[in-house]
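Following: one structure in structure tokens, then a few remarks.
Every value quoted in this text rests on a predicted model; they were computed, and no experiment measured them. Every chain is numbered from 1 and lettered A, B, ... according to where its sequence line falls, protein lines coming before strand lines. In what follows, every heavy atom counts, from backbone to side chain, and hydrogens, waters and symmetry copies are set aside.
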There are 2 protein chains.
Amino acid sequence: MSEVGRDALTVPLVAQHAGVTPSTIYRRWGNLQELLSDVAVERLRPDTAPEAHGTLASDLTAWAEQFLDEMASPAGRAYTRDALLGDPDGSNAGQCSAYAADQINLILSRAAERGEKTPGIETVIDRVVAPLMYRILFRPDRLDAAYARRLVAEVLRPAQPVTS
Amino acid sequence: MSEVGRDALTVPLVAQHAGVTPSTIYRRWGNLQELLSDVAVERLRPDTAPEAHGTLASDLTAWAEQFLDEMASPAGRAYTRDALLGDPDGSNAGQCSAYAADQINLILSRAAERGEKTPGIETVIDRVVAPLMYRILFRPDRLDAAYARRLVAEVLRPAQPVTS
DNA sequence: CGATAGACGCAATGATTTTGCTTTAAAGTG
DNA sequence: CACTTTAAAGCAAAATCATTGCGTCTATCG
């Protein structure tokens, strides 16, 4: 990919670099999309535990900001699309979601150990992860760290009544 | 697509059915993915205005249930993925989001005309559409109408404080 | 009316995808 | 340890697909 670019990548090229016949790759993955889907999941796996800042609010905010940063980048968006793409049974997409859930679970249980009240993991996914991912995929405009911070603040705070 | 199936569809096949040369299609769309992306956006366009039931809660609930139903179906999921796929500049994905936003806007302005208090469109997207789409794409399990109803109920109600 | 730009068909070219057959390597079995 | 079984890979041919240059047609504009 670093040589010919993401778009010009073909199965024969990958095979050549792997010192392998194209048919080997076709038999194992079926097509380039499924191969790239597996690669994408690998690249999207977090390589470090979420930073610990001492409070649930700061931990979750820092995580959300970094998550948005990585996923909204051109590389992150490309990996996410690749992961969704060649994924007939949805297992790769599920894995991506599990990565985020694991990180959040860790943050939540740290907070629980300190005695802080925490929302449920599903709530954090619905209120923080889902809006971030939805906007990254469908509305790439006007996404910034402030938005991530606001989502976290709102999930941790009793929300205000419906307005206007 | 109805003859050979979604996966076996190729540009030459489409060209043959269109009574056209493959090169015509390649020139206009570049590849099959971009063609399917345009088809998907077309299929995802709502063909009717959201039903009116008399209250914001019932309108939004009915809309969310139908939205989930359509988007979570195998066909809906396939179209959504296709729309995201062959979409270099994100305009097709943006269009899909705009469809939902338009429908919701209509529901909200109907409610506003009746004097009901309504949340903002962005809030509804964050709290209803985004969770639904996130789970459809990344976690296809345990999705049902009750979940959609709950999301709508929560966005319309002052939420309870963080628990546990 | 004539000119120009855009789009398509045709056909050739090159690349990719797919498949049958064979070989190799590894794992299990008596 | 020898033998069978299974899975995976190489090889090579065939089929299919993607890409491009060139000529033709149509419509739009001056």
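In this structure, the CG atom of L32(A) is 14 Å from the C1' atom of dA15(C), given to the nearest Å. Note: CD1 (I25(B)) to P (dC8(C)) measures 10 Å, nearest angstrom. What separates CH2 of W29(B) from C1' of dC8(C) is a distance of 13 Å, to the nearest Å.
Contacts of E42(B) classified as salt bridge (Lys or Arg N to Asp or Glu O under 4.0 Å), with partners at least two apart in sequence or in another chain: R45(B).
In the hydrophobic clustering (ILVMFWY side chains linked at under 4.5 Å, chained through shared members), V41(A) is joined by Y99(A).
Contact annotation: R28(A) side-chain N/O to dA9(D) OP1/OP2 distance is under 4.0 Å.
Nearest nucleotide to the T21(B) side chain, out of dG9(C), dC11(D), dC8(C): dG9(C).
The main-chain N or O of A72(B) is never found under 3.5 Å from a side-chain atom of D69(B) such that the two would form a donor-acceptor pair.
Taking both residues in full, the closest heavy atoms of D126(A) and P131(A) are given as O-CD, 3.1 Å, listed atom of the first, atom of the second, then distance.
Residues L106(B) and F67(B) do not share a hydrophobic cluster, clusters being chains of Ile/Leu/Val/Met/Phe/Trp/Tyr side chains in contact below 4.5 Å.
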I'd like a list of close polar pairs between nucleotides 19-27 of chain C and the protein, N/O only, cut-off under 3.5 Å.
| residue | atom | partner | partner atom | Å |
| --- | --- | --- | --- | --- |
| dG20(C) | O6 | R27(A) | NH2 | 2.8 |

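To the nearest 0.5 Å, the span separating CG on N92(A) from OG1 on T80(A) amounts to 12.0 Å.
Residues from residues 6-20 of chain B lying near DNA chain D, meaning a heavy-atom separation below 4.0 Å, are T10(B), V11(B), P12(B) in numerical order.
Screening residues 115-138 of chain B for ring pair (Phe, Tyr, Trp, His ring centres under 6.0 Å), with sequence neighbours left out, gives Y134(B)-F138(B). Each salt bridge (charged side-chain N to carboxylate O under 4.0 Å, His left out) pair with one or both residues in residues 82-99 of chain A, not counting sequence neighbours, appears once here: R6(A)-D82(A).
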